[in-house]
Amino acid sequence: MKKVKGFCGVVLCAGLAALILGGGIFYARRVTAYRETPIKPLATQRLSVFNEIEDKETFRLCARRGMSAKAPENTLEAIRLAGEAGFRYVQLDVAQTRDGEPVLLFDETVNRMTAQRGALARFTAEQVSDLVLDNGANVEKYTNVYIPQLQSALRECAEYGMTAYLTVRSLRAPEKLYAVLENSPVPYVLFSTRKRVLSVLKQRGEAQLCYQVRAVTRENLRYALENDFALTFDPELAENTDEVLTAAAKCVTLYAWTVNSREELRRMEKLGIRDVLTDRIIPVRSTQK
């Protein structure tokens, strides 16, 4: 009997060890595959060659995450390229470090953009300033690209007179974000996918707020109207038909997120939607220094 129990114990331990080892290998492979998938640069086209667009000057093109088609997203380098390309608007993702400092990062972790691992909330601003980006469009062409602080990003926007569209998904330390915004050298609009964040920002008295959704539904439109918010939407989503968007555009300001093709831009023109976030379409004029 003791031998049977002993044998069962050995089998159980061996099975548990195999499970742990297998899980470790599976996780390692996933991480390796994830890190071995670099963000590649994208082909861009200048709006001036879109002959089918009748009124090019009325579009307010916004560079999504800076000019992320040609430089690592949400970096000073991407902001600089957007300004030189002639963008008057730039969208940036804002997150906060463990000590509450607002920095530019889309993800909740640093995994995708750096060689480090872990949630951004585990790192202080000083620690984040030492994280070199090793992913992003043409990252190999840049030396020591870092996750920038929001304050530095806004100063870079000011160099080119660009309005900043700031996407805020969480408020770890609202007062530190407010401190930066109060001294912003450029106009800005605050976007968020989360009603709780928008509610906090509204209580502070932020005038220009935008609710980021995928579909323009009755519920989303009602919420935007009740709070005097703009709406962003995904033009490729089937629910966002021309009829729905035409009706919504009469009530609220609409931002199309994201438009990268001639066909979609032409559709926005027909619908009268002029605020467009894009990765690939470059403004008519360049402001290259």
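Since this is a predicted model, take the numbers as computed values, not measurements.
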- Message: With no hydrogens and no angle check, just 3.5 Å: does a side-chain donor-acceptor pair link Arg274 and Thr58?
- Response: yes
- Item | CG on Leu47 to CZ on Phe59, rounded to 0.5 Å | 7.5 Å
- Message: Main chain of Val200, side chain of Gln203: is a donor-acceptor contact present, judged purely on distance under 3.5 Å?
- Response: no
- Item | Audit row: Val110, Arg117, side chain to side chain contact (heavy atoms under 4.5 Å, CB included) steps and yes/no | CA-CA 6 Å; Val110 300; Arg117 314 293 300 172; 5.9 Å; no
- Query: Is it true that a side-chain atom of Asn240 and a backbone atom of Val216 form a donor plus acceptor pair closer than 3.5 Å?
  - Reply: yes
- Is Asp228 atom CG crowded by more than 12 heavy atoms from other residues, nucleotides or ligands, each under 6.0 Å away? no
- Message: So, using side chain to side chain contact (heavy atoms under 4.5 Å, CB included) as the criterion, who are the partners of Asn51 when residues are at least two apart?
- Response: none
- Query: If every non-hydrogen atom of Pro72 is compared with every non-hydrogen atom of Leu133, which pair is closest and at what distance?
  - Reply: CB-CD2, 4.2 Å
- In plain terms, say whether Glu219 and Arg222 are close enough for a salt bridge, that is, a side-chain N and a carboxylate O under 4.0 Å apart. no
- Query: So, for Thr114 and Ile147, which heavy atoms are closest and what is the spacing to 0.1 Å?
  - Reply: CG2-CD1, 4.3 Å
- Task: Starting at CG of Leu231, measure out to CG of Leu245 and round the result to the nearest 0.5 Å.
- Result: 10.5 Å
- Message: Within the supplied structure, the quantity of interest is the number of heavy atoms (other residues, nucleotides, ligands) at a distance under 6.0 Å from Lys270 NZ; does it exceed 12?
- Response: no
- Message: Show every ring pair (Phe, Tyr, Trp, His ring centres under 6.0 Å) that has at least one partner inside residues 210-236, sequence neighbours left out.
- Response: Tyr211-Tyr223, Tyr223-Phe229
- Distance (rounded to the nearest 0.5 Å) between Ser129 OG and Glu126 CD: 6.0 Å
- Query: Quick one: is the NZ or CZ of Arg65 closer than 6.0 Å to the six-membered ring centre of Phe106, and within 45° of its axis?
  - Reply: yes
- Item | Any side-chain donor near an acceptor of the partner, Lys70 and Asn138, under 3.5 Å | no
- Mind checking whether Leu277 and Ile282 sit in one hydrophobic cluster, side chains of I, L, V, M, F, W, Y counted as touching below 4.5 Å? no
- Task: Flag the pair Gln96 / Val103 as yes when at least one side-chain heavy-atom distance between them is below 4.5 Å, and no otherwise.
- Result: no
- Task: Let me see the working for Asp275 and Thr253 under side chain to side chain contact (heavy atoms under 4.5 Å, CB included), right down to the final yes or no.
- Result: CA-CA 8 Å; Asp275 292 286; Thr253 300; 3.9 Å; yes
- Message: Could you report the tightest heavy-atom contact between Ala95 and Leu105, atom names first, then the distance?
- Response: CB-O, 3.9 Å
- Task: Indicate if Met67 and Trp257 have the same hydrophobic cluster label, given that clusters are the connected sets of ILVMFWY residues with side-chain heavy-atom separations under 4.5 angstrom.
- Result: no
- Item | Candidate pair Leu177 and Leu171, rule side chain to side chain contact (heavy atoms under 4.5 Å, CB included), full reasoning | CA-CA 8 Å; Leu177 174 63; Leu171 288 171; 3.5 Å; yes
- Task: Check the surroundings of atom CZ in Arg60: do more than 12 heavy atoms from other residues, nucleotides or ligands lie under 6.0 Å from it?
- Result: yes
- Message: If the threshold is 4.0 Å, N to carboxylate O, is there a salt bridge linking Glu54 and Arg266?
- Response: yes
- Message: Which heavy atom of Gly161 sits nearest to which heavy atom of Arg88, and what is that distance?
- Response: O-NH2, 3.5 Å
- Message: Could you walk me through whether Met268 and Leu271 satisfy the side chain to side chain contact (heavy atoms under 4.5 Å, CB included) test, starting with their C-alpha distance in whole Å, then the side-chain angles of each, then the deciding distance to 0.1 Å, before giving a yes or no?
- Response: CA-CA 5 Å; Met268 295 303 104; Leu271 294 174; 4.1 Å; yes
- Any side-chain heavy-atom pair of Val186 and Met162 under 4.5 Å: no
- Could you tell me whether the side chain of Gln45 and the main chain of Ile281 form a donor-acceptor pair under 3.5 Å? no
- Note on the structure: For Ala69 and Ala137 the tightest heavy-atom approach is O-CB, 3.6 Å
- Between Arg169 and Asp93, is there a side-chain N and carboxylate O pair less than 4.0 Å apart? yes
- Item | Geometric class of the Tyr165/Phe191 ring pair [parallel <30°, tilted 30-60°, perpendicular >60°] | tilted
- Task: Indicate if Leu190 and Leu225 have the same hydrophobic cluster label, given that clusters are the connected sets of ILVMFWY residues with side-chain heavy-atom separations under 4.5 angstrom.
- Result: yes
- Short side-chain to backbone donor-acceptor contact, Thr278 and Val259, under 3.5 Å: yes
- If we only count heavy atoms from C-beta on, is the Glu52 to Leu265 side-chain gap below 4.5 Å? no
- Message: Within the 4.5 Å heavy-atom criterion, are Leu150 and Leu166 side-chain neighbours or not?
- Response: yes
- Message: Quick one, Glu108 and Leu120 - any side-chain contact, counting heavy atoms below 4.5 Å?
- Response: no
- Message: Using modelled atom types and a 3.5 Å cut-off, is there a donor and acceptor pairing between side-chain atoms of Asn220 and backbone atoms of Ala215?
- Response: yes
- Item | Between Gln91 and Tyr255: side-chain donor-acceptor atoms closer than 3.5 Å | no
- Message: For a 4.5 angstrom cut-off between non-hydrogen side-chain atoms, does Val94 reach Leu104?
- Response: yes
- Item | Pairwise side-chain contact, Ile39 with Val139, heavy-atom cut-off 4.5 Å (strictly under) | no
- Glu264 bridged to Arg267 by N-O distance under 4.0 Å: yes
- Task: Could you tell me whether the side chain of Lys56 and the main chain of Phe50 form a donor-acceptor pair under 3.5 Å?
- Result: yes
- Around Glu239, counting heavy atoms of other residues, nucleotides and ligands shown, do more than 12 lie under 6.0 Å from its CD? no
- Between Thr97 and Asp99, does any side-chain donor sit less than 3.5 Å from a side-chain acceptor? yes
- Message: One pair to check against side chain to side chain donor-acceptor pair (under 3.5 Å): Tyr146 and Glu77. What are the steps and the verdict?
- Response: CA-CA 10 Å; Tyr146 299 94; Glu77 289 75 9; over 6 Å; no
- Please answer whether the main-chain N or O of Arg112 pairs with a side-chain N or O of Asp107 as donor and acceptor at a distance below 3.5 Å. no
- Exam field: side chain Ser192 to backbone Val168, donor-acceptor pair closer than 3.5 Å: yes
- Ring centers of Tyr160, Phe87 separated by less than 6.0 Å: no
- Only counting residues at least two apart or in another chain, list the ones meeting side chain to side chain contact (heavy atoms under 4.5 Å, CB included) with Pro187. Thr163
- Distance in Å, Cys62 SG paired with Asp279 CG, rounded so as to fall on 0.5 Å steps: 10.0 Å
- Note: Glu182-Arg204 ion pair, threshold 4.0 Å (strictly below): yes
- Determine the minimum heavy-atom distance between Leu221 and Cys251, stating which atoms define it. CD1-CB, 4.5 Å
- Would you mind reporting whether Val189 and Glu206 have side-chain heavy atoms less than 4.5 Å apart? no
- To the nearest 0.5 Å, atom OG1 of Thr232 lies from atom CZ of Arg214 at 11.5 Å
- Query: How far does CZ of Arg280 sit from OG1 of Thr44, to the nearest 0.5 angstrom?
  - Reply: 9.0 Å
- Heavy-atom donor-acceptor pair, Ser152 side chain to Pro148 backbone, under 3.5 Å: no
- Task: Spell out, as yes or no, whether a donor-acceptor pair under 3.5 Å connects the side chain of Arg98 to the backbone of Ala125.
- Result: no
